Amino acid sequence: MGLFITFEGPEGSGKSTQARLLYERIQALGYPVILTREPGGTRISELIRRILVDLRHTEMAPTTETLLFSAARAQLVSELVRPYLNTGGIVLCDRYADSTFAYQGYGLGRDLDELHAITTIATGGLQPDLTFYLDLDVEAGLQRKRWARDRGSEASKAVSSSGPPAEWNRLDARDLAYHQRVAAGFAELIRNNPERWRRCSAEQPLDQLAEQIFAAVEPILERVARLEPH
Ligand SMILES: Nc1ncnc2c1ncn2[C@@H]1O[C@H](COP(=O)(O)OP(=O)(O)OP(=O)(O)O)[C@@H](O)[C@H]1O
Ligand SMILES: [Mg+2]
């Protein structure tokens with residue numbers, strides 16, 4: 001039943017850049033593959049994303065935030081991810097449920113069991129086959145994003161070649177201690193489930209990182225049938 005690969009990590013660690021590079025490489029090899037993101041990826045989920053990232057929404061309650069992420073995820077899984085996996089394709093997703101545990105759980109202090117219950121409702125229990133953790137110092141990642149923002153995202157566009165530039169949003173704007181708790185949360189998630197995760201240093205040049213990621217994916221590509229040549 002297809003292959004589900006997700007990208008996680010702190011802000012500005014290169015998730016969107018690497019997800020796109022992997023997508024282009026797998027597609028060029030002739031495999032059926034889609035690239036999507038969270039929150040977002042469907043019409044309804046992208047509308048929910050706008051509410052979540054809006055810098056003006058400072059009054060949003062943690063429960064609202066958690067449920068909106070979950071609602072966006074439920075729509076993405078049911079409309080796009082599951083149907084595509086059921087056709088035997090590869091789904092690459094820029095963030096997924098692990099981010100809820102890291103950000104709303106460890107970051108905002110929501111009860112982890114409660115998050116498990118909500119996430120199971122949203123996803124029907126769908127778990128990635130493989131998750132890349134792009135490991136970067138929290139401050140370095142936020143700095144990369146600030147540079148991209150301040151330079152009008154020109155550098156970001158040049159490096160990541162396609163897709164939207166890194167945005168500066170409501171969740172990025174939280175304090176450093178919050179982002180540090182999130183990073184520690186990811187470390188805990190990896191410890192609890194090491195076989196699913198591949199931890200990669202995001203400090204290396206992006207081409208080198210892309211090679212490392214592809215090398216981890218290549219052996220499992222054989223589970224997926226290539227598209228018929230036209
Ligand atoms: N390996 C790298 N080395 C240096 N800079 C990089 C690297 N990878 C990406 N960048 C730059 O860092 C910034 C953030 O990259 P990107 O948007 O891919 O990260 P992200 O993890 O998706 O961020 P976000 O948290 O906003 O989703 C961009 O300006 C990008 O060009
Ligand atoms: Mg991104």
Side-chain angles (χ1 to χ4, degrees), residues 5-25 34-42 45-46 48-50 52-55 65 69 72-73 76 91-104 106-108 128 131-176 178-187 189-190 197-216:
I5 299 174
T6 58
F7 290 80
E8 300 282 0
E11 316 301 323
S13 55
K15 299 174 297 296
S16 303
T17 305
Q18 292 301 327
R20 174 144 305 268
L21 289 172
L22 183 63
Y23 169 77
E24 287 167 359
R25 188 145 179 191
I34 56 171
L35 170 60
T36 188
R37 69 165 180 181
E38 273 215 13
T42 69
S45 310
E46 289 289 337
I48 298 172
R49 180 188 183 96
R50 279 203 228 162
L52 279 164
V53 302
D54 194 322
L55 283 162
E65 182 176 309
F69 272 112
R73 181 167 302 137
L76 178 67
V91 178
L92 307 182
C93 196
D94 184 349
R95 292 198 182 281
Y96 185 59
D98 294 304
S99 281
T100 280
F101 294 100
Y103 285 80
Q104 282 71 47
Y106 294 93
L108 292 183
T131 301
F132 289 100
Y133 185 71
L134 304 191
D135 198 356
L136 186 68
D137 175 69
V138 165
E139 286 184 82
L142 291 169
Q143 191 57 49
R144 278 186 191 176
K145 290 193 70 165
R146 280 193 212 99
W147 281 331
R149 178 192 58 178
D150 295 345
R151 285 180 305 192
S153 299
E154 280 316 305
S156 157
K157 272 184 230 156
V159 177
S160 57
S161 73
S162 48
E167 63 185 359
W168 183 260
N169 66 40
R170 189 177 65 86
L171 304 162
D172 304 321
R174 287 185 173 152
D175 67 21
L176 191 60
Y178 166 79
H179 290 287
Q180 304 283 18
R181 287 197 300 277
V182 169
F186 274 124
L189 292 171
I190 295 169
W197 291 83
R198 298 289 178 280
R199 194 173 189 149
C200 306
S201 166
E203 275 171 49
Q204 54 188 324
L206 62 92
D207 289 350
Q208 201 177 306
L209 178 53
E211 282 305 320
Q212 189 183 348
I213 288 170
F214 183 71

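Ligands are counted one by one from 1 in listed order, and the atoms in each one are counted from 1 as well. Nothing here was measured: the structure is a model prediction, and the numbers come from that model.
In this structure a side-chain-to-backbone donor-acceptor pair under 3.5 Å is present from Gln204 to Ser201. His179 places no side-chain N or O within 3.5 Å of a backbone atom of Gly107 that could act as its donor or acceptor partner.
Put simply, Thr17 stays out of reach of the Mg ion (ligand 2), with no N, O or S atom under 2.8 Å from it.
One finds the CD atom of Gln18 at 7.0 Å from the CZ atom of Phe7 (value rounded to the nearest 0.5 Å). Note that the CG atom of Leu209 and the CG atom of Leu21 stand 9.0 Å from one another [nearest 0.5 Å].
Against a heavy-atom cut-off of under 4.0 Å, Ala148 is close to the following atoms of ligand 1: 29 (O). Residue contact check: Glu11 has heavy atoms under 4.0 Å from atoms 25 (O) of ligand 1. Atoms of ligand 1 found under 4.0 Å from any heavy atom of Lys145 (numbered from 1 in listed order, with element): 24 (P), 25 (O), 26 (O). Every atom of ligand 1 is numbered from 1 in the order shown, and the set under 4.0 Å from a heavy atom of Thr17 is 9 (C), 15 (O), 16 (P), 18 (O). In summary, the atoms of ligand 1 found under 4.0 Å from a heavy atom of Leu206, numbered by their order in the structure, are 1 (N).
Among residues two or more places apart in sequence or in another chain, the salt bridge (Lys or Arg N to Asp or Glu O under 4.0 Å) test is passed with Glu139 by none. Not counting sequence neighbours, the partners of Arg95 by the salt bridge (Lys or Arg N to Asp or Glu O under 4.0 Å) test are Glu8, Glu11.
Between Tyr133 and Phe186, the ring planes lie tilted relative to each other; the angle falls in the 30° to 60° range.
Considering Leu76, Thr36, Thr6, Thr131 in turn, Thr6 is the only one that fulfils the side-chain contact (heavy atoms from CB on, under 4.5 Å) rule with Tyr96.
Considering backbone and side-chain atoms together, Pro205 places no N or O closer than 3.5 Å to any N or O of ligand 1. Considering backbone and side-chain atoms alike, Arg144 places an N or O below 3.5 Å from some N or O of ligand 1. By the 3.5 Å distance cut-off applied to N or O atoms, Leu209 is not counted among the residues near ligand 1.
Residue contacts with ligand 1 include Gly12, since one of its heavy atoms falls under 4.0 Å from the ligand. Distances shorter than 4.0 angstrom occur between a heavy atom of Gln204 and an atom of ligand 1.
The backbone and the side chain of Ser16 each have at least one atom closer than 4.0 Å to an atom of ligand 1 (non-hydrogen atoms only).
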